[in-house]
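What follows is one structure encoded as structure tokens, with my remarks underneath.
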Amino acid sequence: MNAAATSMPPSLAVAGLRISAGGKVLVPGLSLTIGRGEIVGMVGASGSGKTISAFSLARLLPDTLTQSGEISLEGERIDRLSESEMRKVRGGRIGMVFQDPLSSFNPLRTVGSILVESICRHQRLPARQARELAIDTLATMRLPGRKASVDAYPHMLSGGQRQRAMIGLALVNRPALIIADEPTTALDPTIQLQILALLRHQASSAACLFITHDIGAASAICDRLAVMNEGEIVEEGPTDRLLASPTHPFTRELLSHAPGGARFR
Amino acid sequence: MSALRGLRDLVFVLLATMTVLFFLLRLTGDPAVVLAGDGASPAQVEAIRAEYGFDEPLLVQYAVYAGKLLTLDFGTSLADGTPALEKALISFPATLFLAVMALSVNLLISLPAGLWLGQARSGIARRTVRGIITVMQGFPGFVIALLMINAFAVGLEWLPTVGFGGPATWILPTLSVVSFLAPKLIRVIEANTYAALTSNYVRTAKASGAPDNVILWRHVAPNALLGAIALVGAEFAFMLTGLVVIETIFAWPGIGWLLVQSTLSLDFPVVQAVVFLMVVGVFATNALAEHLQAALDPRIGNARGAD
Amino acid sequence: MRAPRRIPVLALVLTLVGIACLVIMVFGDALSGHDHRAMNLDRRLAPPLTDGHLLGTDELGRDVLARLLTGLRWSVATALSATFIAFMIGTTFGLVAARGQSALGGVMRLLTTFTQAFPPFVLAVTVIAVMGDAGFFSIVLTLGLVTWPVFSRVVYAEARSLFEREHVLAAEMTGMPAIRLFVRHVLPGLVPSLSVLVVFHFADMIVAESALSFLGIGAPLGAATWGAMLSESRGYMLSAPWLTLSPALAMVAIIVCAHALGQHLRNASR
């Protein structure tokens with residue numbers, strides 16, 4: 001994996017990312033690299049700036065926040081793209097998984113139609129083939145009943161099933177980068193594990209940025225961890241090394257507060 | 001299941017309404033005196049009282065009345081002897097017509113206005129429109145009607161003031177009704193639009209690269225409008241009963257106008273028939289709105305099916 | 001961010017309007033320098049600002065401002081009283097139904113169905129018209145009696161959820177008497193939505209009363225009410241538009257103020 005990473009540009013390279021709200025700087029200057037097939041966990045307390053940093057990569061911040069800095073996706077500077085070019089990146093080359101899968105699906109649309117809408121937009125497939133792909137994708141995400149789940153409305157699915165569908169939506173166009181924002185926080189602990197395993201398994205060919213406040217969940221699937229506090233990455237390193245010998249006091253504090261820190265291992 | 005419950009509710013409401021109305025009318029006015037007319041001698045009044053059964057005990061009268069109600073027999077108008085229900089039914093289409101026109105114009109104005117306003121909180125144009133809507137909400141419908149008659153019919157002489165005869169006479173009544181229904185509907189659609197735009201599912205749509213027009217028409221608008229169906233239904237139901245003053249102002253021959261005319265002349269059978277018709281109309285409208293919402297909202301449809 | 005600068009202006013305007021209403025309620029047409037009943041057939045339909053008639057005179061030479069002020073007295077008094085009656089009955093019934101056994105809850109549901117299908121205004125029109133020369137108390141009583149479900153509906157729904165809150169349940173379990181439970185734990189929770197409801201209901205009652213007197217139903221014949229003034233002005237729309245505009249704008253002003261206050265209370269309670 002390391003050999004491959006050196007021969008081609010990393011999936012994601014961020015340098016000097018700065019986010020501010022009015023005059024207030026929320027993220028002063030963030031730098032981060034994620035290699036192909038690598039899962040990086042961004043861990044921190046709520047309000048540490050991890051979620052807005054992740055959203056800024058797809059330029060999805062609300063109008064009240066402004067961002068600057070270099071963002072390269074597979075070597076291409078996507079921060080320079082126009083809004084319409086950026087729309088092709090979102091959903092196409094960057095897939096996103098959100099925290100609350102119920103409210104994140106339009107209640108009036110079937111889960112399948114949301115996938116089909118995205119497939120048609122990014123892959124220019126005819127409707128019938130798009131639907132086939134949506135069915136296949138949901139089946140791969142182990143949603144029950146091939147045809148049944150594609151025509152299911154979000155409220156008919158369980159929380160875990162909705163999150164699987166959400167991961168399916170993120171992956172359906174084979175993105176280079178997956179951003180998962182607290183994908184398991186709203187779920188039962190037993191289902192959390194299944195979702196993490198699914199994410200780990202399905203995201204093997206893409207880079208994945210995993211945002212969480214739960215260092216236990218992060219350590220279960222991440223190759224590397226980046227600990228964030230007050231808008232800055234205070235410590236970064238391979239998961240094993242960081243868990244075994246944290247150097248920054250904030251990391252130690254985070255680890256000591258983790259509910260059953262190593263329960264996923 | 002739900003149809004049966006609706007029917008049961010309708011029967012209950014009709015029974016309750018007609019009972020309340022019966023006792024209120026009997027306790028507050030003497031129909032025999034009205035029927036006898038001015039200058040009738042006490043003997044004449046007594047004769048009429050006996051003829052119509054007004055001399056019986058009130059409960060006996062109520063039993064007779066309730067029995068006739070079951071066969072939809074409201075008696076005849078005290079004014080001209082035509083069947084009361086027929087008189088009410090003849091007036092109903094005019095009210096329905098006004099209500100449908102007002103509903104259409106209301107939707108034509110409120111849908112785009114609400115969707116447009118909901119897309120941003122600031123901006124001079126939106127602030128101005130919001131200010132106008134706030135002031136409009138302070139205008140009672142009949143005051144608007146008077147002011148518009150003043151401006152367009154009397155002042156500028158563009159439109160006929162009153163009556164029911166051809167498109168020119170439809171404009172002012174319709175606009176009067178719309179002027180006080182639209183602000184409420186616009187507000188609700190605006191709030192729904194804003195809520196939808198800031199919702200998580202719109203964020204999902206953005207994250208999968210949806211352009212603004214897809215977000216607006218395929219994600220925001222359906223949700224915003226679905227949430228307004230209940231209000232549209234309530235507004236329509238209101239129009240079937242609440243246009244009493246507007247119909248009177250424009251001499252619009254609907255059931256609101258008939259209600260005032262028959263009430264002022266103490267023509268009880270007609271009043272009862274009109275109220276009966278109003279309750280049925282409101283009930284039908286509410287049921288229709290409920291079913292429409294259930295048909296369009298998969299969440300409700302599913303809950304129903306699971307019953 | 002902007003809010004702190006805007007609220008005082010609104011509060012100031014509303015306070016001034018409130019004080020003005022209070023002054024008018026106390027002094028009535030005396031403020032205009034004319035008796036609202038005094039006719040002067042030599043000076044009919046005088047336009048505003050002539051001979052000490054600030055808002056002109058009507059078709060019988062009566063001072064419009066004097067009638068307007070008397071009308072405000074009548075409108076505000078009827079609307080306040082009707083709101084009070086509806087509030088008292090509706091709140092009491094809503095609380096009892098929320099607290100009581102399921103039978104009352106069933107009555108509540110039927111009542112909701114009933115009021116949804118049967119608009120209060122039609123009932124009021126019929127009842128008051130049949131009563132003939134109704135006068136203040138009949139109007140107030142009728143309007144209050146036909147509109148109280150507005151309050152009971154909201155109180156019922158909110159009180160039920162309040163009764164299920166933990167601190168109320170806890171208080172109940174310690175054996176607190178029902179009355180004290182209401183006063184200490186439930187009523188305070190109802191204040192925000194009830195105050196909003198009261199203000200909006202007041203505005204609705206102003207409209208309802210004016211509509212009634214416009215139809216010639218309710219207020220005694222010849223009384224200076226806004227509805228009657230509007231009704232009488234219809235013959236003089238072209239020659240004397242001030243007859244229509246004065247009561248119309250006064251009514252709109254009071255309703256807009258009430259709505260603004262209600263909106264403000266609603267925002268403040270969120």
Side-chain angles (χ1 to χ4, degrees), chain A residues 54-55 57-64 83-111 113-123 151-156 162 165-166 168-173 175 178-179 181 186, chain B residues 111 115 117-123 126 188-189 191-230 232 291-307:
Chain A
F55 282 12
L57 301 180
R59 225 189 279 164
L60 275 177
L61 293 179
D63 294 340
T64 48
E83 180 56 28
S84 69
E85 287 169 321
M86 198 60 203
R87 276 201 290 269
K88 293 194 185 101
V89 173
R90 288 186 209 122
R93 295 167 63 197
I94 299 180
M96 297 189 79
V97 180
F98 295 107
Q99 178 171 358
D100 179 6
L102 178 56
S103 67
S104 296
F105 275 111
N106 188 335
L108 304 184
R109 300 267 303 271
T110 61
V111 169
S113 80
I114 300 291
L115 263 77
V116 168
E117 189 186 302
S118 179
I119 294 167
C120 290
R121 185 177 305 127
H122 295 288
Q123 300 190 25
D151 291 325
Y153 287 96
H155 70 274
M156 298 172 176
R162 281 192 285 264
M166 179 64 89
L169 175 65
L171 292 173
V172 74
N173 296 315
I178 296 163
I179 298 171
D181 179 33
Chain B
L111 298 187
L115 283 173
L117 281 175
Q119 284 174 52
R121 290 268 129 164
S122 53
R126 285 187 173 85
V188 167
I189 296 177
N192 289 349
T193 304
Y194 183 76
L197 272 170
T198 50
S199 71
N200 285 345
Y201 57 81
V202 161
R203 185 181 64 186
T204 304
K206 277 185 196 154
S208 58
D212 289 346
N213 64 330
V214 170
I215 287 176
L216 182 63
W217 294 112
R218 298 202 56 186
H219 295 279
V220 171
N223 278 285
L225 303 186
L226 184 69
I229 286 182
V232 173
H291 280 274
L292 190 64
Q293 187 151 21
L296 295 178
D297 189 336
R299 286 163 295 186
I300 299 178
N302 189 46
R304 275 272 160 86
D307 260 358

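It should be emphasised that the depicted structure is a prediction, and the values quoted were computed from it without experimental measurement. Letters go in sequence order (proteins before strands), and every chain restarts at 1.
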List the atom of [X], the atom of [Y], and the distance in Å for their closest heavy-atom pair.
{"X": "B/Ala207", "Y": "A/Met96", "answer": "CB-SD, 3.9 Å"}
{"X": "A/Pro107", "Y": "B/Asn223", "answer": "CG-OD1, 3.6 Å"}
{"X": "B/Pro211", "Y": "A/Arg121", "answer": "CD-NE, 3.8 Å"}

Is any side-chain heavy atom of [X] less than 4.5 Å from a side-chain heavy atom of [Y]?
{"X": "B/Tyr201", "Y": "A/Arg109", "answer": "no"}
{"X": "A/Ile114", "Y": "B/His219", "answer": "yes"}
{"X": "A/Phe98", "Y": "B/Asn200", "answer": "no"}
{"X": "B/Arg218", "Y": "A/Asn106", "answer": "no"}
{"X": "B/Arg299", "Y": "A/Met156", "answer": "no"}

By a 4.5 Å heavy-atom criterion (distance strictly below it), what part of [X] contacts chain B: side chain, backbone, both, or neither?
{"X": "A/Phe105", "value": "backbone"}
{"X": "A/Met166", "value": "side chain"}
{"X": "A/Leu169", "value": "side chain"}
{"X": "A/Leu60", "value": "side chain"}

- Contact winner vs chain B - A/Glu83, A/Lys88, A/Glu117, A/Gln99, heavy-atom pairs under 4.5 Å: A/Glu117
- Measuring heavy-atom distances to chain A, does B/Val202 have an atom under 4.5 Å in its side chain, in its backbone, in both, or in neither? neither
- Message: Which atoms of B/Ala196 are under 4.5 Å from chain A, going by heavy atoms: the side chain, the backbone, both sets, or neither?
- Response: neither
- Rounded distance [0.5 Å steps], OG in B/Ser122 versus CG in A/Asp63: 9.5 Å
- Query: When you measure from the side chain of A/Ser104 to the backbone N and O of B/Thr204, does any donor-acceptor pair fall under 3.5 Å?
  - Reply: no
